[in-house]
Amino acid sequence: MPRQISAPRGTRDLLPEDGPAWERVESVARDLSRRYAFERIEVPLFERAELFARGLGESSDAVEKEMFRVSGARGSDEERAAWALRPEPTAGIVRSFIENGMHVRPGPLRLTMIGPMFRYDRPQAGRYRQFTQWDVEVLGDAGPAVDAELIELGQRFYGELGLTDVVAHVNSIGDAACRPAYRQALVDYFGAHLDRLTDDSRRRLEINPLRVLDDKHLAGDLVDGAPRSTDHLCDECRTHLRGVLDLLDALGVRHVVDHRLVRGLDYYTRTAFEFAIAGHEGQQQALGGGGRYDGLVELLGGRATPGIGFGIGLDRTVLAMAEQEVALPSSAPLVAVVGSGDDHADRLRIAATLRAAGLAIRPDGSTRKLGKQLESAVKAGATWAVIIGAEVADEQVALKNLATGEQSNVAVDLVAASING
RNA sequence: GUGGCCUUAGCUCAACCGGCAGAGCAUCGGAUUGUGGUUCCGAAGGUUACGGGUUCGACCCCCGUAGGCCACCCCA
């Protein structure tokens with residue numbers, strides 16, 4: 001017996017019973033993408049590692065310790081270390097935007113994608129090394145209206161899935177004009193309380209002071225006394241944030257201003273937001289997040305173009321739906337086609353006819369007795385059975401409702417209407 | 001990357017102090033040749049995660065590895 005091989009750490013298989021919830025989540029995401037006029041884009045699952053290092057920032061966790069390196073079979077060590085699986089979608093999409101000269105397209109450009117992301121992190125419930133995100137990006141729109149529109153879109157997504165208790169956390173972390181002063185204010189403040197910081201935070205204070213605010217070990221009074229980014233915004237950033245918040249109020253979108261929300265990636269400017277679910281204080285409460293990245297396109301070599309987007313974690317969304325026991329819409333009826341003896345030609349012929357009429361058909365391929373075939377049909381989730389007998393000579397079959405047991409002879413042409421009626 | 005708990009049949013779990021690995025559910029087959037769900041009978045399913053060690057003897061004790069869960073770090 002060969003040794004058994006198991007799935008890589010931090011990955012899992014989606015099994016047939018997981019299908020309906022994922023179908024639901026993906027179909028709502030796709031339908032909202034359509035209704036919000038996003039166009040589909042696909043970019044590679046791996047890129048040059050340098051793209052992520054430059055785009056997300058060397059000091060971001062995703063680059064510093066979660067980069068999932070891949071190597072080609074040939075080439076120098078240098079070449080083989082040059083690739084990484086994407087930890088998030090934005091850098092690749094912006095790369096594609098620049099590379100394909102998309103700035104000449106009529107803007108603003110609204111792009112969307114659903115696909116797997118990879119982070120070499122320690123696995124935990126709701127945290128995987130391969131996970132799936134629904135991503136939307138808008139390039140070429142600097143105004144606050146699009147910020148509000150995206151936050152509203154995220155909230156609508158959860159709402160349409162039946163997830164309650166999702167709150168949008170919103171903050172502004174300023175831009176190139178005002179962030180340096182805010183950084184300095186944080187350095188001054190936390191520098192005066194070095195003894196109360198963790199080692200990690202002391203290190204962050206030098207590399208990226210904003211992220212000290214992320215530290216959950218920070219004492220409450222230290223947090224309350226810390227400088228707030230919203231108090232250090234330049235006029236443009238303050239006006240922008242005001243605009244976003246006013247629009248959210250006008251739209252009735254549930255949100256809170258969260259002064260500790262700074263986001264882990266370096267490319268964000270101004271608006272940062274996160275969708276958090278209640279009841280997960282601390283842990284994996286972030287179902288999705290995003291923000292504005294007005295400097296990223298230029299940073300990656302394109303002409304200056306404002307951008308904003310979000311990524312929503314579909315794994316955590318599915319998990320939250322299971323926890324809250326959200327009901328899934330009932331699926332289309334499944335019809336089994338059963339018969340007796342070796343009448344498979346009739347079974348398959350009628351199955352094809354019914355499929356052409358749009359029904360989901362599961363023909364029984366066995367020669368087992370009818371009772372066994374019906375039993376297996378029920379176990380497979382069929383709600384109707386088409387039983388083929390002598391009447392097939394007149395293009396008639398017995399149509400049985402497996403829930404009620406009712407049965408009657410119906411012309412093959414009328415089966416679909418009988419079931420759907 | 002740090003720490004704690006855990007791993008026995010597909011699933012949920014038993015197995016006394018170290019003495020022949022079991023049950024329920026699920027699966028498959030059968031209960032006088034055309035109708036399922038209940039019931040009854042039966043079958044199959046295991047290198048006890050993997051590798052070493054101690055012992056006459058290891059699911060059980062020791063070491064290592066892998067994986068899972070939880071809490072950190074951080075995030076989706």
Side-chain angles (χ1 to χ4, degrees), chain A residues 1-12 15 17 56 59-66 86-90 115-135 154 198-201 203-204 208 211-217 261-265 274-277 280-290 310-320 336 338-341 343 364 366-392 397-407:
Chain A
M1 187 82 99
R3 197 174 67 239
Q4 193 177 316
I5 296 174
S6 51
R9 179 165 211 193
T11 68
R12 74 257 175 76
L15 303 179
E17 55 270 30
L56 318 195
S59 72
S60 66
D61 276 15
V63 168
E64 197 176 49
K65 56 180 217 186
E66 295 166 7
R86 62 187 187 195
E88 58 84 60
T90 307
M117 307 296 154
F118 304 84
R119 289 183 202 171
Y120 200 82
D121 204 356
R122 183 106 168 223
Q124 213 175 104
R127 174 190 294 159
Y128 307 99
R129 289 183 172 179
Q130 176 181 333
F131 57 100
T132 303
Q133 280 191 351
W134 170 42
D135 180 68
T198 59
D199 290 345
D200 270 343
S201 281
R203 198 170 52 84
R204 276 190 221 129
N208 189 344
R211 294 192 46 218
V212 175
L213 290 168
D214 265 341
D215 194 333
K216 293 188 186 68
H217 295 295
L261 178 64
V262 295
R263 307 285 302 159
L265 308 181
E274 207 164 274
F275 300 105
I277 186 153
H280 285 249
E281 272 62 42
Q283 318 103 286
Q284 279 75 255
Q285 62 168 358
L287 294 187
F310 68 60
I312 280 181
L314 300 190
D315 305 77
R316 287 188 183 173
T317 301
V318 168
L319 214 58
V338 302
S340 49
D343 60 352
D364 191 303
S366 77
T367 54
R368 295 176 296 178
K369 54 204 289 189
L370 216 46
K372 282 292 172 189
Q373 293 186 43
L374 288 171
E375 187 181 339
S376 111
V378 169
K379 285 177 182 171
T383 46
W384 295 86
V386 162
I387 303 166
I388 293 172
E391 326 80 62
V392 74
V397 294
L399 177 61
K400 180 173 181 124
N401 182 326
L402 292 173
T404 65
E406 289 166 38
Q407 177 176 334

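Quick caveat, the model's predicted, so the values are computed rather than measured. Chain identifiers are assigned alphabetically (A, B, ...) following the order of the sequence lines, protein sequences preceding nucleic acid strands; residue numbering begins at 1 within each chain.
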(request) Could you check if a side-chain atom of A/Arg9 sits within less than 4.5 angstrom of a side-chain atom of A/Arg122, using non-hydrogen atoms only? (result) yes
(request) Determine whether any donor atom in the side chain of A/Gln407 lies under 3.5 Å from an acceptor atom in the base of B/U35, or the reverse, and answer yes or no. (result) yes
(message) Work out how far the C1' atom of B/A23 is from that of B/A14, and round it to whole angstrom.
(response) 7 Å
(message) Between B/C62 and B/G4, how far apart are the two P atoms, rounded to whole Å?
(response) 15 Å
(request) Find the runs of at least 3 consecutive base pairs, i with j, i+1 with j-1 and so on, that include RNA chain B, using Watson-Crick or G-U wobble geometry with both distances under 3.5 Å. (result) B:1-7 with B:66-72, B:10-13 with B:22-25, B:27-31 with B:39-43, B:49-53 with B:61-65
(request) When you get a sec, tell me which of B/G34, B/C75, B/C28 is the closest nucleotide to the side chain of A/Arg127? (result) B/C75
(message) For A/Gly126, is there any backbone N or O sitting under 3.5 Å from a side-chain donor or acceptor partner on A/Asp315?
(response) no
(request) In whole angstrom, give me the gap between the P atoms of B/G57 and B/G52. (result) 16 Å
(request) Please measure how far the C1' atom in B/C5 lies from the corresponding atom in B/C25, and state the result in whole Å. (result) 27 Å
(request) Mind calculating the distance between CZ (A/Arg129) and C1' (B/A66) to the nearest angstrom? (result) 12 Å
(request) Tell whether A/Arg122 reaches the base of B/G68 with its side chain through a donor-acceptor pair below 3.5 angstrom. (result) no
(request) Give the rounded distance in Å between these two atoms: CD of A/Glu375 and C1' of B/G34. (result) 16 Å
(message) Of the listed nucleotides (B/G1, B/G34, B/G30), which one gets closest to any side-chain atom of A/Lys372?
(response) B/G30
(request) Among the candidates B/C69, B/U35, B/C72, find the nucleotide nearest to the side-chain atoms of A/Pro123. (result) B/C69
(message) Regarding A/Ile387, tell me which of base, sugar-phosphate or nothing describes its non-hydrogen contacts under 4.0 Å with the strands shown.
(response) base
(request) In whole angstrom, give me the gap between the P atoms of B/G19 and B/C61. (result) 11 Å
(message) Would A/Arg129 pass as a cation-pi partner of A/Tyr120, given that its NZ or CZ must be under 6.0 Å from the six-membered ring centre and within 45 degrees of the axis?
(response) yes
(message) Please report the distance separating the C1' of B/C50 from the corresponding atom of B/G46, rounded so that it comes out in whole Å.
(response) 15 Å
(request) Could you work out which one of B/U35, B/U27, B/A76 sits closest to the side chain of A/Lys379? (result) B/U27
(message) With rounding to the closest Å, how many angstrom separate the P atoms on B/A15 and B/U8?
(response) 14 Å
(request) Looking at every strand, decide which applies to A/Gly290 at a 4.0 Å heavy-atom threshold: base, sugar-phosphate, or nothing. (result) nothing
(message) I'd like to know if A/Lys369 reaches the base of B/U33 with its side chain, counting only an N/O donor and acceptor under 3.5 Å.
(response) no
(message) Between P on B/A76 and OH on A/Tyr128, what's the gap in Å once rounded to a whole number?
(response) 16 Å
(request) Look at the side chain of A/Leu370 and decide which nucleotide, out of B/G67, B/A76, B/U35, has an atom nearest to it. (result) B/U35
(request) Would you mind classifying the nucleic acid contact of A/Ala403 as base, sugar-phosphate or nothing, using non-hydrogen atoms under 4.0 angstrom? (result) base
(message) Rounding to an integer number of angstrom, what distance separates B/U47 and B/C28 when you compare their P atoms?
(response) 22 Å
(request) Decide yes or no, distance alone: a donor-acceptor N/O pair under 3.5 angstrom between the base of B/A76 and the side-chain of A/Arg119. (result) yes
(message) Quick check on B/G29: is either OP1 or OP2 less than 4.0 Å from any side-chain nitrogen or oxygen of A/Arg368?
(response) yes
(message) Counting only side-chain nitrogens and oxygens, does A/Gln373 get under 4.0 Å of the OP1 or OP2 atom of B/U35?
(response) no
(request) Measure from NZ or CZ of A/Arg12 to the centre of the six-membered ring of A/Tyr128, then state whether that distance is under 6.0 Å and the direction lies within 45° of the axis. (result) yes
(request) Decide yes or no on side chain to side chain contact (heavy atoms under 4.5 Å, CB included) for A/Arg316 and A/Arg127, but give the supporting numbers first. (result) CA-CA 8 Å; A/Arg316 287 188 183 173; A/Arg127 174 190 294 159; 4.1 Å; yes
